[in-house]
Student: 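Have a look at this one before I ask anything.
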Amino acid sequence: MVERLAHSEANLRRIAIVEQCFGTVGQLTKPGRVLVGEGVLTKMCRKKAKPRQFFLFNDIIVYGNIVIDKRKYNKQHLVPLEDVKLQSLENDGPWKNGWQIISPKKSFAVYAASPTEKAEWMAHINKCIADLLAQSNKRPATEHAAVWVPDSEAQTCMHCLKTKFTPINRRHHCRKCGTVVCGTCSNRKFLLPYQSEKPVRVCITCYETLSSSHGDQQSGFIIDTPGSPLTGDYESTGDLWDSGDEHPTEGAIPISPSLPDTYQPQPRYGSSDEEDDVDEIDVPNSYVPQFYDTGAEVLIS
């Protein structure tokens, strides 16, 4: 079905419409690329959950902010599918029908309006991933970016459990484990090649684990004045897909750092997107996704 759509005028027309809505004519057009489906999902951002328009292609996921429903979007993000894996999330109070989209440079949680929509989305994404890996004979990625714990989940540092966050004592996120930590507990940087070409902020626990695993390959960097505005999570870290980042470096050594015993992970994970200050419209949850490829077998439990 995908092969047939790749050469259809309808597919080319759909992709052109997406480009027009983003104002990026020509950026998404590629030989063999197929728009498999589209719809609105609730994405857990750093500060709160927000509706995002998602487009599933046979090789990438594209999403962005909704400015005018079905007419204008901005903040376009692209995530290559061959390095993606999905992790289903259990329902947790008001947060239902969710799953994580996990990739080397960017990971986050999304929520559908119903179990059926969740099953449809996950089935189509997984089929696209399987087809890509079969065509390329590549193995799935072993290194993935951490999903960030939302700011609202931590009123105090999740590492030392002492520092309370204020407008002066800002929140920081460890790029390795995703926890919310204070400046003192994250005053080190380490090079994570699959995320960025430059060293990124990590908590002291992850830094010690990474340093031990890599030996003397890296000396690390100490971040001066850890509480200052210049060293917060708004610094440029190269972990956003909309800034022209290159693909992750291959051959990274898998690391699984130990987290503090007091750390209790929650499913309401966000991402590093700096999207929270953008004015947007409210999108009804009844927006039904549309899929153009019928090749995915949807299983509803």
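Just so it is clear, the structure is predicted and the values come from calculations on it, not from any experiment.
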Student: Have a look at Val84 and tell me which of Ile60, Ile102, Leu132, Ile101 forms a side chain to side chain contact (heavy atoms under 4.5 Å, CB included) with it.
Tutor: Ile101
Student: According to side chain to side chain donor-acceptor pair (under 3.5 Å), who are the partners of Ser152, at least two apart in sequence or on a separate chain?
Tutor: none
Student: Please name all residues satisfying side chain to side chain donor-acceptor pair (under 3.5 Å) with Thr29, sequence neighbours left out, ordered by chain then number.
Tutor: Glu19
Student: Who passes ring-ring contact (aromatic ring centres under 6.0 Å, His included) against Phe54, sequence neighbours left out?
Tutor: Tyr63
Student: By side chain to side chain donor-acceptor pair (under 3.5 Å), which residues pair with Thr156, not counting sequence neighbours?
Tutor: none
Student: Could I get the full list of side chain to side chain donor-acceptor pair (under 3.5 Å) partners for Asp131, not counting sequence neighbours?
Tutor: Lys127
Student: List the steps, then state whether ring-ring contact (aromatic ring centres under 6.0 Å, His included) holds for Phe291 with Trp121.
Tutor: CA-CA 9 Å; Phe291 294 100; Trp121 273 106; 5.2 Å; yes
Student: Is any side-chain heavy atom of Phe165 closer than 4.5 Å to one of Arg170?
Tutor: no
Student: Cluster question for you: counting only ILVMFWY and a side-chain heavy-atom cut-off of under 4.5 Å, with indirect links fine, are Leu41 and Leu86 together?
Tutor: yes
Student: Can you pull the salt bridge (charged side-chain N to carboxylate O under 4.0 Å, His left out) pairs that have at least one residue in residues 23-37, sequence neighbours excluded?
Tutor: Lys30-Asp59, Arg33-Asp59
Student: Hey, any chance Val62 and Leu12 share a hydrophobic cluster, counting ILVMFWY side chains that come within less than 4.5 Å of each other, even indirectly?
Tutor: no
Student: Please identify which of these residues, Asn126, Asn58, Leu56, Val36, meets the side chain to side chain contact (heavy atoms under 4.5 Å, CB included) condition with Leu81.
Tutor: Leu56
Student: Is there side-chain contact between Tyr73 and Ile68, with at least one heavy-atom pair below 4.5 Å?
Tutor: no
Student: Between Thr209 and Lys176, does any side-chain donor sit less than 3.5 Å from a side-chain acceptor?
Tutor: no
Student: Quick one, Leu35 and Phe57 - any side-chain contact, counting heavy atoms below 4.5 Å?
Tutor: yes
Student: Which heavy atom of Ser186 sits nearest to which heavy atom of Arg201, and what is that distance?
Tutor: O-NH1, 2.6 Å
